[in-house]
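Here the structure is a predicted model, which is why all the values come from computation and not from measurement. Counting convention: from 1, in listed order, for ligands and their atoms alike.
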Amino acid sequence: MTTTTPFGTEIRALPCSAKAFERARQLIPGGVNSPVRAFHGVGGTPVFFDRASGAHFTDLDGNQYLDYVLSWGPMILGHAHPEVTEAVIEAARNGTSFGAPTSGETALAERIVALVPGVEQVRLVSSGTEATMSALRLARAATGRNRIIKFAGCYHGHADLLLVQAGSGVATFGLPDSPGVPPGATADTLVAPFNDLAAVEALLTSYPEQVAAIIVEPIAGNMGMVLPEDGFLAGLRQLTSQHGALLIFDEVMTGFRVALGGASAWSGVTADIVTLGKVVGGGFPLAAYAGPESIMRHVAPVGAMYQGGTLSGNPVATAAGRATLDILTRPGLFDRIVALTERLIDGIDDAARGADVPIQTAKAGAMGGFFMNPDPVRNYEDARRSDLAAYARVFHGLLKRGVYVAPSQFELVFLSAAHTADDVDATIAAFSASFAELAHA
Ligand SMILES: *Cc1c(COP(=O)(O)O)cnc(C)c1O
């Protein structure tokens with residue numbers, strides 16, 4: 001195996017990844033266990049990871065990359081952080097699953113309650129999908145209503161009732177996005193465009209006393225990064241309160257990332273139920289839904305709303321989550337990730353301007369993104385007008401220079417505590433070169 005350094009020799013071929021992918025495709029649908037990993041958004045062979053440390057990972061062919069995907073967000077401290085690794089090993093030595101309560105779960109809940117505004121109680125689950133699904137069940141149980149409102153382009157995991165987007169920007173009944181989701185499963189799901197309070201109000205008045213909850217990514221991160229406009233989140237808070245519906249912030253991505261207290265702290269708007277995932281599990285399958293006791297008391301065994309899980313609150317996962325939050329909240333550490341995120345996103349903006357390539361950038365806390373799009377992006381319709389072919393070429397320009405960004409235009413750029421200012425500056429240089437190739441083609 002030859003080893004190339006990031007920004008040194010260009011990476012031209014990935015024979016070991018290609019071979020591994022070929023074998024994987026025989027045994028796993030599309031060779032992947034989550035579709036976006038297959039590189040359909042950008043073309044080419046997915047890079048097979050061999051190992052990772054800090055801000056870097058090494059692929060099967062021995063090439064090194066700077067990682068700006070970070071497992072789609074969770075690895076906010078960087079890969080294989082020594083203290084998290086120690087905590088995980090120690091937990092594993094003491095038994096990996098009990099199906100009985102442990103103090104480690106309470107200790108993680110304590111940290112979540114301390115950080116996230118409005119949260120008094122926490123239920124731990126194993127994935128973001130499970131968290132949002134359970135949060136909606138809870139909202140329905142607490143209100144005795146069935147309908148929910150979501151926003152086009154917001155992703156809340158793959159539960160049937162949430163696999164819906166809007167048709168052509170008009171608020172409408174949701175039709176399933178995927179075969180296998182019966183129309184009945186989404187019949188109570190209403191869809192509005194992101195950043196459109198008037199559409200939300202129209203739905204709430206068309207279905208009086210029928211809407212259990214509005215679920216929103218408070219800062220959208222699954223259609224690329226789209227910021228809420230001034231007053232949007234406060235408006236949702238006001239409309240839900242007025243109409244007796246609950247407000248759910250899906251903070252699976254934004255939690256502990258746009259601020260230590262998530263988007264609730266970032267925006268000053270407190271939701272009724274918050275879902276958490278990604279960072280909170282420190283790289284393990286762990287997620288949560290949480291809220292005030294007055295709502296959480298509907299959850300069994302206190303209340304009648306059933307939800308459970310064999311591996312929920314898993315001791316290894318909770319150890320990773322606790323260690324991650326403890327390190328993340330050390331003085332100055334989070335602010336440094338935010339500063340690096342700003343440095344990178346501003347640098348990408350300048351690099352594009354320098355190459356005369358029109359892009360849109362967005363940043364909030366340690367979350368950032370860019371669209372290959374000449375026009376402002378305020379909702380999914382706008383996001384979909386981005387130049388996907390240009391994104392694919394920028395992606396491959398970066399990849400061959402040892403910079404790994406998401407293999408899709410509709411994802412974000414994530415930084416970690418392990419990235420350095422030098423890493424970021426080298427990355428901006430790689431962006432400049434990739435944008436220049438685009439402009440001169
Ligand atoms: C990733 C994500 C989910 C789904 O989480 P999984 O752990 O992949 O099931 C839900 N909501 C948001 C906002 C996410 O970013």
Side-chain angles (χ1 to χ4, degrees), residues 32-38 69-76 116 123-139 148-165 177-178 189 191 194 213-228 233 236 247-259 262-264 266-267 271 273-290 307 309 311-314 317-318 320-321 324 362 364-369 380 383 406-414:
V32 294
N33 285 308
S34 200
V36 74
R37 297 178 193 170
V69 180
L70 297 169
S71 185
W72 307 91
M75 311 316 298
I76 197 165
V116 184
R123 173 54 68 83
L124 300 178
V125 295
S126 300
S127 72
T129 293
E130 209 185 335
T132 57
M133 198 176 76
S134 307
L136 285 162
R137 186 181 303 147
L138 172 57
I148 61 162
I149 296 175
K150 78 174 286 288
F151 294 92
C154 281
Y155 178 69
H156 305 291
H158 67 87
D160 278 358
L161 80 167
L162 287 163
L163 275 185
V164 181
Q165 64 184 10
D177 273 349
S178 167
T189 306
V191 185
F194 195 71
I214 296 180
I215 185 167
V216 64
E217 287 183 75
I219 297 168
N222 285 287
M223 52 174 134
M225 183 160 166
V226 182
L227 289 166
L233 297 177
L236 293 180
L247 180 61
I248 302 173
F249 276 180
D250 179 358
E251 296 228 46
V252 170
M253 187 182 285
T254 53
F256 315 105
R257 166 119 355 230
V258 297
S264 315
W266 178 83
S267 67
I273 305 173
V274 172
T275 55
L276 299 164
K278 299 197 166 107
V279 169
V280 77
F284 280 79
L286 186 150
Y289 62 102
Q307 180 274 313
L311 294 176
S312 293
N314 175 271
T318 50
T324 297
M367 190 165 146
Y380 189 43
S408 163
Q409 167 71 99
F410 302 109
E411 306 286 348
L412 303 188
V413 180
F414 291 121

Listed partners of A135 passing side chain to side chain contact (heavy atoms under 4.5 Å, CB included), at least two apart:
I248, I273, T275, Y289
Can you give the donor-acceptor pairs under 3.5 Å from side chains of residues 154-163 to other protein atoms, not counting sequence neighbours?
residue: H156; atom: ND1; partner: D250; partner atom: OD2; Å: 2.7

For ligand 1, protein residues within the heavy-atom limit of under 4.0 Å are S127, G128, T129, Y155, H156, G157, E217, N222, D250, V252, M253, K278
Minimum side-chain heavy-atom gap F249-L233 below 4.5 Å:
yes
Check whether any side-chain heavy atom of L286 lies under 4.5 Å from a side-chain heavy atom of T318, and answer yes or no.
yes
When rounded to the nearest 0.5 Å, the distance separating CE of M223 from CD of Q409 is 13.0 Å
With sequence neighbours left out, write down each residue that passes ring-ring contact (aromatic ring centres under 6.0 Å, His included) with F194, or none if nothing qualifies.
F232
